[in-house]
Amino acid sequence: MLWSKLFIPTLRENPAEAEVVSHQLLLRAGYIRQLSAGIYSYLFLAQRSLRKIQQIVRQEMDAIGAQEVFLPALHPAEVWQESGRWDIMGDNMFRLKDRFQRDLCLGMTHEEIMTVLARGELRSYKQLPQIWYQIQTKFRDEPRPKSGLLRVRQFLMKDSYSFDLDAAGLDAAYDKHYQAYCRIFDRCGLQYTAVEAHSGAMGGSQSHEFMVASDAGEDFVSSCPDCGYSANLEKAVSRHSQPLAPDPAGDLNPEPFHTPGRKTIAEVAEFTGLPESSQMKSLVLVADGKPVLVMLRGDHQLSETKFGAISGDMEFRQAHPHEIQNWFGAAAGSLGPVGVKNMQILADQALAGRRNMIAGANRDDYHLRHVTLGEDFEAEIHDLRQVTAGDCCLSCGGALAIHKSVEIGHIFKLGYKYSDPMNLRVLNAEGKEVTPIMGSYGIGIERILSAAIELYHDKDGMILPPSIAPFDVVITPANNSDTAQMEAAREIYEACLAAGLDALLDDRDERPGVKFKDADLIGIPFRVVIGKKLGSGMVELVERKGKKTTDVAVAGAARAVAAQAGR
RNA sequence: CGGGGCGUAGCGCAGCCUGGUAGCGCACCUGCCUUGGGCGCAGGGGGUCGGGCGUUCAAAUCGCCCCGCCCCGACCA
């Protein structure tokens, strides 16, 4: 294509609203323009790149026997009410009414629609297994859209759904997806890891997320450099460190002592001269409308996800100060588990086996020493703490690291979460009605592009992997008014097209510097520059990554590009 | 939803404190010139200063309300 005819509105300066690199470059390179918060128009270059990504996704989905369909984005409320998610999704769901005041919504995901489709059509075990997928626009009314295309309110998602007769079938479908996702992200040129994940509002038993490590991400991944263990921080487990000081020995009884003005764990540690790990931290939460006292080691943090899963209420909240005063007769800085009878007590497993620790006395400005779980109070023991960097890996003992990541894919074993309540049934070989088991598998199309830019860029612009770049090569005559250069440029351009390369001829009447800057910015993997060396029949082939330059003959230029691009 | 910031030409910004009717750079248009890293010269077009109400002889500037966008937090299949 001829650059002079294209609309590629590059910007010399960074728009003020863009914070993360991928957002800045997508705007500057003329890929996208914002319409509203979290809603973007994809211009020519973005559309080309996103189509290449979608093509890779299609090929790999087709390769595992998945069938592409296209479902509605506009859904009647009834199907979401059937699964119970009409209420669960809350304000994150875009809702609207039609002219008859019927409730509708814009699809955030398509489990319900797929299940409705399946239950109307699937009758026999002989029709299973099935994998259906689509590439659809999803709508989510994010409370805070941010970071360009990384967190938006309207986006493209490849979502697929598997239907199987039994758990072994689901395992196979899940594994096929896992493998296909690896191939997709490999082909897109991404460095990524698959991590164990929390399944959240999707429900289900097992779940992996595909993550690209980047500070622009919003998820935290805990990983072990030694054995490869890797999990979303929401789900991650570890062996906690040893307490910094030994517990006092013996069958000691709780004993109050005055701690004037010491409310925080750190203040009490300083006051007593004992480390934070010798204390118990008391948190008061309200789940399902009921108070729960959560006990953690003083230096540990609560994992809200783990607590939500255990309490069965992801919408839990912290207790208000007046509630705490009512229930404990003391304020938040002096709470403890001893003598608490009016609520459930949960304790983190790091407290099991500990003796004679320090906890609040439920009397302002007093704490207790010699508090022991199982003797001085009873509690249900669970894994409640959030992993911190430096914790020991459960499988190998290595030191866990934590880094921010962008989630580009997520696969779930849904089990019967949708098929059962929504009455999806088929007859098995014995003629008995059985409920198929389902899986659900998503890929964020724009996130692949954004993550690639976050991973691969330099001060001059994007360095896109060739497989997802909008063009393979840009042909740049240095001087438009030099007819010999223009002729050679056209010849090379035609040869590239003939070789099956996506080629762009920069025929704009601009100075060379402008063309070079733009070519670098939009991230085309290869550039052929026709300049002064044309006198001796040579042109330059420049690789965007690293700016490595080689001289090639005009006649061999297209072949050289194809070879370097691996075509 | 809580905290903070911003809104003046397509983009980046100044002007606002101390009211007097809008300016700079880039981009854009015309001509000349130039051609290996956003070139030079000359001329030119483009803004109801986010919106409303108020104060004032006079509001981009002061006050109140609203809207939008960005950042932090909460939230997030």
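Below, chain A is the first sequence line, B the second, and so on; all start at residue 1.
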Worksheet item: Quick one: which of U35(B), C76(B), G12(B) gets closest to the side chain of A16(A)?
Response: G12(B)
Worksheet item: What interatomic distance, in whole Å, is found between C1' of A59(B) and the corresponding atom of G51(B)?
Response: 15 Å
Discussion item. Applying side chain to side chain contact (heavy atoms under 4.5 Å, CB included) to L449(A) and L464(A), what does each step give before you reach the verdict?
Written reply: CA-CA 9 Å; L449(A) 175 59; L464(A) 290 178; 4.1 Å; yes
Worksheet item: So what does Q318(A) touch, heavy atoms closer than 4.0 Å: a base, only the sugar-phosphate, or nothing?
Response: nothing
Worksheet, complete the sentence: Exactly one of K459(A), R28(A), K545(A), K547(A) clears salt bridge (Lys or Arg N to Asp or Glu O under 4.0 Å) with D520(A), and that residue is K547(A)
Worksheet item: With a 4.0 Å cut-off on heavy atoms, is P15(A) in touch with a base, just the backbone sugar-phosphate, or nothing at all?
Response: sugar-phosphate
Fill in: SB check R85(A) E111(A) (cutoff 4.0 Å)
yes
Worksheet item: Are the aromatic rings of Y178(A) and F210(A) close, with centres under 6.0 Å apart?
Response: yes
Fill in: Same-atom distance (P) from G2(B) to C66(B), integer angstrom
12 Å
Discussion item. If you only use heavy atoms from C-beta on, which nucleotide in C39(B), C11(B), C69(B) is closest to the side chain of L11(A)?
Written reply: C11(B)
Practice prompt. Measure from NZ or CZ of R95(A) to the centre of the six-membered ring of W80(A), then state whether that distance is under 6.0 Å and the direction lies within 45° of the axis.
Written response: no
Worksheet item: Touch check for A478(A), heavy atoms < 4.0 angstrom, all strands: base, sugar-phosphate only, or nothing?
Response: base
Practice prompt. Measure from the side chain of R151(A), starting at C-beta and using heavy atoms only, and say which of C76(B), C11(B), C75(B) lies closest.
Written response: C76(B)
Item to complete: Quote, to the nearest angstrom, the P distance that separates C65(B) from G25(B).
Response: 38 Å
Discussion item. Taking the minimum atom-to-atom distance to the side chain of K517(A), which one of G37(B), C69(B), C76(B) wins?
Written reply: G37(B)
Item to complete: Answer yes or no for K138(A) and F155(A): cation-pi contact, defined as NZ/CZ to six-membered ring centre under 6.0 Å and angle to ring axis within 45°.
Response: no
Worksheet entry | Aromatic plane relationship, F94(A) with F139(A) - under 30° parallel, 30 to 60° tilted, over 60° perpendicular | perpendicular
Worksheet entry | D171(A) bridged to K413(A) by N-O distance under 4.0 Å | yes
Practice prompt. Check whether any side-chain N or O of S36(A) sits under 4.0 Å from OP1 or OP2 of C69(B), and answer yes or no.
Written response: yes
Item to complete: Write down the distance separating the P atoms in C67(B) and C57(B), rounded off to the nearest Å.
Response: 32 Å
Worksheet entry | Any N/O donor-acceptor pair, D520(A) side-chain to G37(B) base, under 3.5 Å | yes
Worksheet item: Picking from U35(B), C76(B), C69(B), which would you name as closest to the side chain of D509(A)?
Response: U35(B)
Worksheet item: Which one, G37(B), C71(B), G36(B), comes nearest to the side chain of R527(A)?
Response: G37(B)
Worksheet entry | Side chain E13(A) and base G25(B) donor-acceptor under 3.5 Å | yes
Worksheet entry | Spacing of the P atoms in A14(B) and C62(B) (rounded, Å) | 15 Å
Worksheet entry | Selected nucleotide, minimal atom distance to Q34(A) side chain, candidates C76(B), C69(B), G36(B) | C69(B)
Practice prompt. Look at the side chain of R144(A) against the base of C76(B) and say whether a donor-acceptor pair falls under 3.5 Å; ignore hydrogens and angles.
Written response: no
Practice prompt. Determine: side-chain N/O of K146(A) to OP1/OP2 of C72(B), distance under 4.0 Å, yes or no.
Written response: yes
Quick one: which protein N/O atoms are closer than 3.5 Å to N/O atoms of nucleotides 3-9 of chain B? Pair and distance per line, please.
none

Discussion item. When the P atoms of C32(B) and C69(B) are compared, how many Å lie between them, rounded to an integer?
Written reply: 46 Å
Worksheet item: For atom C1', what is the distance between A27(B) and G20(B), given to the nearest Å?
Response: 32 Å
